[in-house]
Amino acid sequence: MKKVITIGSGISGLSISRMLSNRYQTEILEREDRIGGMIKCDRINGNLFHKVGGHVFNSRNQAVLDWFWNQFNRDDEFLKTQRNAKIFMTGKKIGYPIENYLYQLTESQLKPIVDELLQKLSIKNNQITDYKNFKEFLIGNFGSELYNLYFGPYNTKIWNTDLEKVPLAWLNGKLPMPDLNEVIYNNIIRKEESNMVHSSFFYAKRDGSQFIVDRLSNGLEISCSYNVSSIEQLNNKQLSINNQDRLADSIVYCGDIRQLHRTIQIADALLKEALLKVADLPSNGTSNVFCETDTNDLSWLYLPESTYKAHRIIYTGNFSSTNSEGSKRTTCVVEFSGKQEQSEMLEELKLLPGNLTALAFNYEPNSYIIQNETTRADILNLKTLLKPYNIYLLGRFAEWEYYNMDKCIEAAMALTKKEFST
Ligand SMILES: Cc1cc2nc3c(=O)[nH]c(=O)nc-3n(C[C@H](O)[C@H](O)[C@H](O)COP(=O)(O)OP(=O)(O)OC[C@H]3O[C@@H](n4cnc5c(N)ncnc54)[C@H](O)[C@@H]3O)c2cc1C
């Protein structure tokens, strides 16, 4: 059996190793002392802490769903929940997505928005649709009033970057494409959202995404606390990791693409150049405070206003009753962009709704990837140059794609089919 080594034990590494393990000898090398990457969770006084985000699962891809539900018993082990998201503005909770709930805004907020949307509707057929960047897209679709009130502040906060610098190709397929007629119609009949990716989602009855990690890792060979610092090619074409500490026929790299120029030690000028080209890609981190909060029925609360540094609250305690076993109330995660001081986050908790009490903190330096105009082409070129050496890239930070868990699984399936089908 040929040996495939996967670097990284997040959802990408676990998924592909599972897909390959019956036909290849597989091993996962993970630099941290625990597996799971961004989806691992901790228990704090009996309460489940998603250290990054809230990690709910769904997919529009039937093949991904089929694979996933082959690993789990959907009815016995998972809950299916409808999203109940709200936007917190001027002290009020407004429905999400905001364009379907304009009728909940104040009269003075609503008037200029309606004027602008009606004006847009009348010139709709001549409207430009090949927007150059995210900001143009948002203003073009929702108007500058709604952009200034919500879309601009919220997205600037979460991406922590100038939205004019965000190319639209990056977001293709990830954004709802609103239709103005529909927006007006939805507001008149007060239609609830329904067709967005996570408008309903699956969540493990116990242990959230940690349950996914535990199941997918079952039976796999995994070495933790193993930092891959060098990859070389030997004369017999085998790949050597950390000076022949491990040998492999193929490597699937699921770590951060920006680190790879230091790790790969292969004398290939074009490859070196391509690796250096992606060495400085920008990303954002997130700081999280895990809290106890008053009971409520929300799943997410978005915080667009600049009064708050935090950008959203994820009510993970409401995803499963087993998530707040150590609390008399319920639990949630308050999420901030970038690195924040704990003292500042504690101050912020006093301003937010729900009588929040901090239980734990986490900082994840890389959560959101930021692409530029050439990133996709640069990564594709790199993949092409790595392929003759049997090194493959997979996952959110290796492919520098805005992947959710289901997209990581989809990418693992595609890579398996393309490169490991024999
Ligand atoms: C705030 C937030 C909320 C999210 N919410 C959701 C959600 O609700 N639903 C959803 O589906 N998705 C969600 N996502 C996306 C999801 O987190 C990612 O798609 C997924 O976790 C990426 O997995 P990965 O395996 O590609 O990368 P990672 O999880 O980063 O795994 C990479 C692993 O590689 C290891 N590694 C790196 N370099 C080396 C090395 N040199 N040697 C050894 N090991 C190495 C790392 O330690 C890490 O464990 C969210 C993301 C964020 C940031």
Side-chain angles (χ1 to χ4, degrees), residues 5-17 27-41 50-61 64 68 81 83 85 158-159 174 197-198 201-204 208-210 212-213 216-217 222-231 241-242 245-246 251-264 283-288 299-300 310-314 316 319 333-338 362-370 393-412 415:
I5 288 187
T6 300
I7 301 172
S9 67
I11 185 79
S12 302
L14 292 173
S15 302
I16 193 141
S17 297
E27 184 180 6
I28 300 181
L29 302 176
E30 168 56 56
R31 79 170 155 214
E32 291 192 20
D33 59 2
R34 274 181 63 197
I35 60 169
M38 292 214 301
I39 66 168
K40 61 179 166 296
C41 306
H50 283 265
K51 296 173 71 130
V52 182
H55 285 107
V56 302
F57 173 78
N58 211 344
S59 177
R60 288 199 174 124
N61 181 322
V64 169
F68 192 82
T81 310
R83 162 163 70 184
I158 193 157
W159 297 110
K174 280 140 200 148
V197 183
H198 284 147
F201 56 83
F202 296 98
Y203 190 85
S209 49
Q210 185 61 44
I212 298 176
V213 172
L216 294 185
S217 62
I222 305 177
S223 302
C224 283
S225 306
Y226 191 111
N227 179 42
V228 173
S229 54
S230 75
I231 298 174
I241 289 177
N242 293 3
D245 185 61
R246 293 288 197 282
I251 289 177
V252 179
Y253 180 76
C254 305
D256 186 330
I257 190 70
R258 297 171 300 186
Q259 310 293 325
L260 214 47
H261 70 103
R262 287 194 208 98
T263 314
I264 293 194
S283 69
N284 280 329
T286 41
S287 301
N288 280 351
S299 37
W300 284 269
H311 56 249
R312 66 175 172 176
I313 305 176
I314 311 162
T316 49
F319 293 170
V333 174
V334 181
E335 191 178 86
F336 299 74
S337 263
N362 186 50
Y363 171 60
E364 170 58 52
N366 288 318
S367 314
Y368 291 97
I369 56 119
I370 310 226
L393 304 178
L394 175 69
R396 184 164 167 123
F397 301 102
E399 297 181 84
W400 212 254
E401 282 290 345
Y402 184 54
Y403 283 165
N404 272 346
M405 290 192 288
D406 59 310
K407 285 286 173 189
C408 294
I409 296 171
E410 192 176 317
L415 185 60

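Atoms within each ligand, like the ligands themselves, are counted from 1 in listed order. Positions are given from 1, in the same order as the sequence printed here. Computed from heavy atoms alone, side chains included, the values below leave out hydrogens, waters and symmetry copies.
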> Would you say Glu335 contacts ligand 1, with heavy atoms under 4.0 Å as the rule?
Replying inline: yes
> Contact between Tyr403 and ligand 1, counting heavy atoms under 4.0 Å?
Replying inline: yes
>> As an exercise, identify every atom of ligand 1 less than 4.0 angstrom from a heavy atom of Ile39.
In response: 21 (O)
> Which atoms of ligand 1 are found less than 4.0 Å from any heavy atom of Leu29?
Replying inline: 43 (C), 44 (N)
> Only one of Phe201, Tyr203, Phe319, Phe68 clears ring pair (Phe, Tyr, Trp, His ring centres under 6.0 Å) with Phe57; which?
Replying inline: Phe68
> For Leu260 and Leu393, what are the C-alpha separation, side-chain angles and deciding distance, and is it a side chain to side chain contact (heavy atoms under 4.5 Å, CB included)?
Replying inline: CA-CA 10 Å; Leu260 214 47; Leu393 304 178; 3.7 Å; yes
>> Within the 4.0 Å heavy-atom shell around Gly395, which atoms of ligand 1 are there?
In response: 26 (O)
> Between Arg396 and Ser367, is there a donor-acceptor pair closer than 3.5 Å when you use the side chain of the first and the backbone of the second?
Replying inline: yes
> For ligand 1, which atoms, with element, lie under 4.0 Å from some heavy atom of Cys408?
Replying inline: 19 (O), 22 (C), 23 (O), 26 (O)
> Counting each atom of ligand 1 from 1 as listed, which ones have a heavy atom of Gly255 under 4.0 Å away?
Replying inline: 37 (C), 38 (N)
> For Val213 and Arg34, what are the C-alpha separation, side-chain angles and deciding distance, and is it a side chain to side chain contact (heavy atoms under 4.5 Å, CB included)?
Replying inline: CA-CA 10 Å; Val213 172; Arg34 274 181 63 197; over 6 Å; no
> Between Lys407 and Glu401, does at least one N-O distance fall below 4.0 Å, as a salt bridge requires?
Replying inline: no
> So, for Thr316 and Val333, which heavy atoms are closest and what is the spacing to 0.1 Å?
Replying inline: OG1-CG2, 4.1 Å
> Which of the atoms in ligand 1, numbered in the order shown and given with their element, are less than 4.0 Å from a heavy-atom of Tyr226?
Replying inline: 42 (N), 43 (C)
> Is there at least one pair of N or O atoms, one from Ser12 and one from ligand 1, spaced under 3.5 Å apart?
Replying inline: yes
> Where is the tightest heavy-atom contact between Leu415 and Leu394, given as atom of each residue plus distance?
Replying inline: CD2-CB, 4.2 Å
>> Can you name the atoms of ligand 1, numbered from 1 with element, that are less than 4.0 Å from a heavy atom of Asn227?
In response: 40 (C), 41 (N), 42 (N)
> Does the side chain of Asn288 come within less than 4.5 Å of Glu364's, by heavy atoms?
Replying inline: no
> What are the two closest heavy atoms between Ile158 and Tyr368, and how far apart are they?
Replying inline: CD1-OH, 3.8 Å
> Which of the atoms of ligand 1 are close to Ser367, meaning less than 4.0 Å from one of its heavy atoms?
Replying inline: 53 (C)
> Applying a strict 4.0 Å limit to heavy atoms, is Thr286 in contact with ligand 1?
Replying inline: no
>> With a heavy-atom distance limit of 4.0 Å, tell me whether Phe201 approaches ligand 1 through its side chain, its backbone, both, or neither.
In response: neither
> Using heavy atoms and a threshold below 4.0 Å, how should the contact between Tyr368 and ligand 1 be classified: side chain, backbone, both, or neither?
Replying inline: side chain
>> For a side chain to side chain contact (heavy atoms under 4.5 Å, CB included) check, start with the C-alpha distance between Met405 and His55, then their side-chain angles and the critical distance, and finish with the verdict.
In response: CA-CA 8 Å; Met405 290 192 288; His55 285 107; 4.3 Å; yes
> Under a heavy-atom criterion of less than 4.0 Å, does Arg312 contact ligand 1?
Replying inline: yes
> Does Tyr253, backbone or side chain, put an N or O under 3.5 Å from an N or O of ligand 1?
Replying inline: no
